[in-house]
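Order of listing sets the numbers, starting from 1, for every ligand and every atom in it.
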Amino acid sequence: MPDHTLSQKLFKSAKEVIPGGVNSPVRAFRNVDGDPFFVRRAKGSRIWDVDGNELIDYVGTWGPAILGHSPTVVIDAVTQAAREGVSFGIPNLHEVEIARLIVDWVPSVEKVRMVNSGTEATMTAIRLARGFTGRNKIIKFEGCYHGHVDSLLVAAGSGALTHGKPDSAGVPGEFAGLTMTLPFNRPEAVEQAFAENGEDIAAIILEPIPANAGLIFPKEGYLQFLREITTKHGALLIFDEVMTGFRVAKGGVQELTGVTPDLTALGKVIGGGLPVGAFGGRADIMDHLAPDGPVYQAGTLSGNPLAMAAGLAQLKELERQNGWARLEEIGTQFESGVQEALETSGLNYQFNRVGSMFCLFFGGQEITNVDDVKKCDFDAFSRFFWKALEAGVYFAPSQYEAGFISLAHTPDDVEKTAEVTKNSLT
Ligand code: KE4
């Protein structure tokens with residue numbers, strides 16, 4: 001059994017001064033009924049905890065580490081930028097460069113604004129949709145997580161789902177009442193919502209490939225259906241690509257599927273590991289933002305030069321390496337290893353993967369939305385998680401999270417992971 005003495009000491013101390021001992025709930029390992037380890041450092045596909053245990057990491061700081069941890073190009077870019085100034089609060093060239101890159105890469109984005117988290121991105125996209133349409137109601141889907149935005153912490157995924165509290169305390173009923181939460185992959189539910197509320201609905205927001213209730217695929221034609229019904233009723237379609245943006249393809253899900261939203265929220269990969277989010281879309285909508293338009297949004301550290309330099313370095317390196325093709329290669333090897341492990345175990349668990357994002361569902365049922373995920377065997381998941389961790393492989397500590405492969409994961413890493421998976425399945 002790996003030694004976790006120092007992690008345990010740190011966690012005890014952390015809980016005295018930080019709620020739950022963590023700065024984000026999912027890190028508390030509650031879904032796997034255990035205590036978290038504390039990290040000392042991370043490089044490439046590996047992390048080392050404070051007790052010296054080395055782990056192959058498939059969480060990748062929840063998505064940003066697409067090149068692997070602490071990529072040299074990012075460290076060099078941030079170091080160079082820091083020498084010229086760590087924060088300005090004044091327009092700077094990095095902001096223009098990353099905005100142009102996003103506009104070039106993401107099909108639906110004509111203008112973009114940088115913020116500091118995915119939550120800020122989705123929160124502002126919602127406000128902008130309401131300001132642009134003059135309507136108040138929003139549709140979201142059960143199990144989709146869009147950050148801790150008051151109006152979207154209704155039947156949310158990720159940590160909210162992990163902790164069995166998909167509706168947060170502290171969100172007034174008046175806020176939640178403006179959010180309709182529907183089952184994903186059920187067009188009839190959306191048709192009914194528009195039939196009953198049509199002209200009051202400002203927007204639909206969704207993760208086009210939900211990855212906060214595991215990894216769930218939209219049924220054939222579903223995204224196009226959402227595009228058509230929102231257009232028909234004068235509502236906006238918002239893709240929350242904080243997780244999928246720049247990861248599943250250069251232009252995200254909207255490039256993969258050809259379905260073009262009106263607004264897109266971005267985050268994670270875009271910051272190279274530093275705090276960055278962004279939202280963008282049609283220029284006629286984005287021009288409603290202050291200082292030109294009536295919808296207010298602001299941020300002291302928005303466009304921070306270090307964060308912009310990190311994001312630019314990461315995105316350019318991803319393109320230079322033709323990262324998406326390589327991630328597909330590594331992902332394919334990873335998937336065949338998992339499928340072989342499942343065959344050996346005789347378990348008919350469901351394995352979903354798109355590029356470098358994956359989820360192993362501990363159940364044989366078809367997975368079409370979060371209701372199906374809730375039928376998984378969470379005890380079996382927890383046993384698997386701990387056995388894999390003890391064997392040196394760190395998967396996301398919740399059945400409701402996706403896993404991430406990076407360009408730093410080697411064929412040997414993937415081969416070892418397949419072996420560990422085979423030995424950890426029970
Ligand atoms: P942040 O505010 O955490 O940067 O982004 C919120 C967010 C928005 N949209 C999607 C699709 C997201 O996945 C997220 C955040 N993802 C979680 C992991 N499932 C972050 C991990 C955490 O909460 O600690």
Asker: List ligand 1 atoms under 4.0 Å from T119, heavy atoms only on the residue side.
Answerer: 1 (P), 2 (O), 5 (O), 6 (C)
Asker: Kindly indicate, with the supporting measurements, whether the criterion salt bridge (charged side-chain N to carboxylate O under 4.0 Å, His left out) is fulfilled by D372 and K375.
Answerer: CA-CA 6 Å; D372 300 322; K375 297 170 190 158; 3.6 Å; yes
Asker: Can a side-chain donor-acceptor contact be found between E188 and Q192 if the only test is distance below 3.5 angstrom?
Answerer: no
Asker: Are the ring centres of F361 and F351 closer than 6.0 Å?
Answerer: no
Asker: Pick one of side chain, backbone, both or neither for how E401 approaches ligand 1, counting any non-hydrogen atom pair under 4.0 Å.
Answerer: side chain
Asker: Short list, please: which atoms of ligand 1 are under 4.0 Å from a heavy atom of S117?
Answerer: 2 (O), 4 (O)
Asker: Pull out every atom of ligand 1 sitting under 4.0 Å from any heavy atom of E207, numbered as shown with elements.
Answerer: 11 (C)
Asker: Does the side chain of S382 come under 3.5 Å of the side chain of D379 through a donor N or O and an acceptor N or O?
Answerer: no
Asker: Which bit of V26 is near ligand 1, meaning a heavy atom under 4.0 Å away: side chain, backbone, both or neither?
Answerer: side chain
Asker: Just go through P25, P64, G118 and tell me whose heavy atom is the nearest to atom 1 (P) of ligand 1.
Answerer: G118
Asker: Starting from atom 15 (C) of ligand 1, find the nearest protein heavy-atom neighbour and note its residue, name and distance.
Answerer: K268 NZ, 3.5 Å
Asker: Identify the residue among T72, V74, V78 that makes a side chain to side chain contact (heavy atoms under 4.5 Å, CB included) with D76.
Answerer: T72
Asker: Where is the nearest protein heavy atom to atom 9 (N) of ligand 1: which residue, which atom, and how far?
Answerer: D240 OD2, 2.7 Å
Asker: Closer than 4.0 Å to some heavy atom of S24 - which atoms of ligand 1 meet that?
Answerer: 22 (C), 23 (O), 24 (O)
Asker: Side chain to side chain contact (heavy atoms under 4.5 Å, CB included) for Q399 and C359? Distances and angles first, verdict last.
Answerer: CA-CA 8 Å; Q399 175 70 92; C359 182; 3.7 Å; yes
Asker: Taking the six-membered ring for Trp and the full ring for Phe, Tyr or His, determine whether the centres of F395 and F384 are under 6.0 Å apart.
Answerer: yes
Asker: Between K111 and D284, does the salt bridge (charged side-chain N to carboxylate O under 4.0 Å, His left out) criterion hold? Intermediate values first, please.
Answerer: CA-CA 9 Å; K111 285 193 176 178; D284 64 318; over 6 Å; no
Asker: For ligand 1, which atoms sit closer than 4.0 Å to a heavy atom of G147?
Answerer: 6 (C), 7 (C), 8 (C)
Asker: Salt bridge (charged side-chain N to carboxylate O under 4.0 Å, His left out) between R353 and E328: does it pass, once the steps are laid out?
Answerer: CA-CA 10 Å; R353 177 181 72 86; E328 181 53 34; 3.0 Å; yes
Asker: Taking distance alone, with N or O pairs closer than 3.5 Å, would you say V242 contacts ligand 1?
Answerer: no
Asker: Taking only heavy atoms of N212 into account, list the atoms of ligand 1 that are under 4.0 Å away from them.
Answerer: 10 (C), 11 (C), 12 (C), 13 (O), 16 (N), 18 (C), 19 (N)
Asker: Please determine whether any non-hydrogen atom of E241 lies less than 4.0 Å from an atom of ligand 1.
Answerer: no
Asker: Could you tell me whether F362 and F385 have their ring centroids closer than 6.0 angstrom?
Answerer: no
Asker: Using a 4.0 Å heavy-atom threshold (strictly under), name the region of H148 that reaches ligand 1: side chain, backbone, both or neither.
Answerer: neither
Asker: If you measure from each non-hydrogen atom of H146 to ligand 1, which part falls under 4.0 Å: side chain, backbone, both or neither?
Answerer: backbone
Asker: Examine R41 relative to W48 and say whether NZ or CZ is less than 6.0 Å from the centre of the six-membered ring and inside a 45° cone about the ring axis.
Answerer: yes
Asker: Check ligand 1 against M243 and write out every atom of the ligand that is under 4.0 Å from a heavy-atom position of the residue.
Answerer: 13 (O), 19 (N)
Asker: Could you tell me whether atom 3 (O) of ligand 1 has a protein heavy atom closer than 4.0 Å?
Answerer: no
